[in-house]
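Positions are given from 1, in the same order as the sequence printed here. Hydrogens, waters and symmetry mates are skipped; everything else that's a heavy atom, side chains included, is used.
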Amino acid sequence: MTEDLSAVANFLYEAGTLKHTARTGWWMAGVRQPETVAEHSWRTALIATIIAKLEGADPARAAFLAVWHDTGETRTGDVNHLGKKYTAGEADPRDITADQVAGMPGILAEALTELVAEYEAKDSPEAICARDADKLECMIQGIEYKAQGYENAQRWIDNSRGRMVTKAGNALADAVLETGSLDWLRSALSEKQG
């Protein structure tokens with residue numbers, strides 16, 4: 001390969017900052033050390049594959065969209081919904097991605113800018129599934145935080161549940177709400193469900 005990949009290398013280091021970038025909305029629920037953007041994106045990608053498969057969409061494409069959906073937060077940080085109300089001219093994720101991929105080989109830069117544009121446009125089945133996965137992941141995280149004693153997480157659970165749009169996402173959200181956050185462990189240990 002003869003192309004200069006230094007811009008790609010720089011982006012990979014930049015992407016690593018998401019492993020340390022807290023999801024700030026959880027601070028309002030009292031969570032002292034909330035999940036990071038990278039942790040959120042990982043589970044969102046898993047959920048996106050499931051929702052997409054159930055919806056008849058391409059699970060790999062939905063996961064691909066979900067993995068990239070918050071990469072712009074390397075530049076902006078995680079600005080919660082209240083903070084966005086006061087941010088002058090909210091940054092467009094498509095513009096951030098264009099800056100992030102500047103200098104990358106054209107084929108890569110084009111693919112990544114198109115990917116983020118697809119997610120933001122919400123017009124492909126995979127983008128819709130990835131967006132539902134984003135909401136469902138937030139709902140699940142809220143349930144886990146509530147189980148840890150953060151009662152204010154209920155607001156995030158309710159808000160996320162109300163924003164689901166796919167049939168599979170809604171059915172999965174209902175199943176999640178009917179399941180305890182440690183039922184998986186009880187099942188794995190063959191214990192009786194409580």
Testing the 3.5 Å rule here: is there a donor-acceptor pair between the side chains of [X] and [Y]?
| X | Y | result |
| --- | --- | --- |
| Thr21 | Glu73 | no |
| Arg43 | Gln141 | yes |
| Asn10 | Glu14 | no |
| Glu144 | Ser181 | no |
| Arg161 | Asn170 | yes |

So which atom in [X] and which in [Y] form the shortest heavy-atom distance, rounded to 0.1 Å?
| X | Y | value |
| --- | --- | --- |
| Ala45 | Ala66 | CA-CB, 3.6 Å |
| Tyr145 | Glu35 | OH-N, 2.7 Å |
| Leu65 | Ala130 | CB-CB, 4.0 Å |
| Ser124 | Glu118 | OG-OE2, 2.7 Å |

Measuring only between side-chain heavy atoms, which start at C-beta, is [X] closer than 4.5 Å to [Y]?
| X | Y | value |
| --- | --- | --- |
| His20 | Thr36 | no |
| Thr166 | Leu172 | no |
| Leu177 | Ile157 | yes |
| Val101 | Thr113 | yes |
| Thr24 | Val79 | no |
| Met104 | Phe11 | yes |

Expected output: side-chain [X] to main-chain [Y] donor-acceptor under 3.5 Å:
| X | Y | result |
| --- | --- | --- |
| Arg131 | Tyr119 | yes |
| His40 | Val37 | no |
| Glu126 | Asp58 | yes |
| Asp183 | Gly180 | yes |

(request) To the nearest 0.5 angstrom, please state how far the CG atom of Asp132 sits from the CE atom of Met139. (result) 11.0 Å
(message) Show, in sequence, the C-alpha distance, side-chain angles and deciding distance for Glu39 and Arg23, and conclude whether the salt bridge (charged side-chain N to carboxylate O under 4.0 Å, His left out) test is met.
(response) CA-CA 9 Å; Glu39 291 167 326; Arg23 302 241 311 147; over 6 Å; no
(request) Carefully, step by step, assess Thr179 and Ile143 under the rule side-chain contact (heavy atoms from CB on, under 4.5 Å). (result) CA-CA 10 Å; Thr179 305; Ile143 292 167; over 6 Å; no
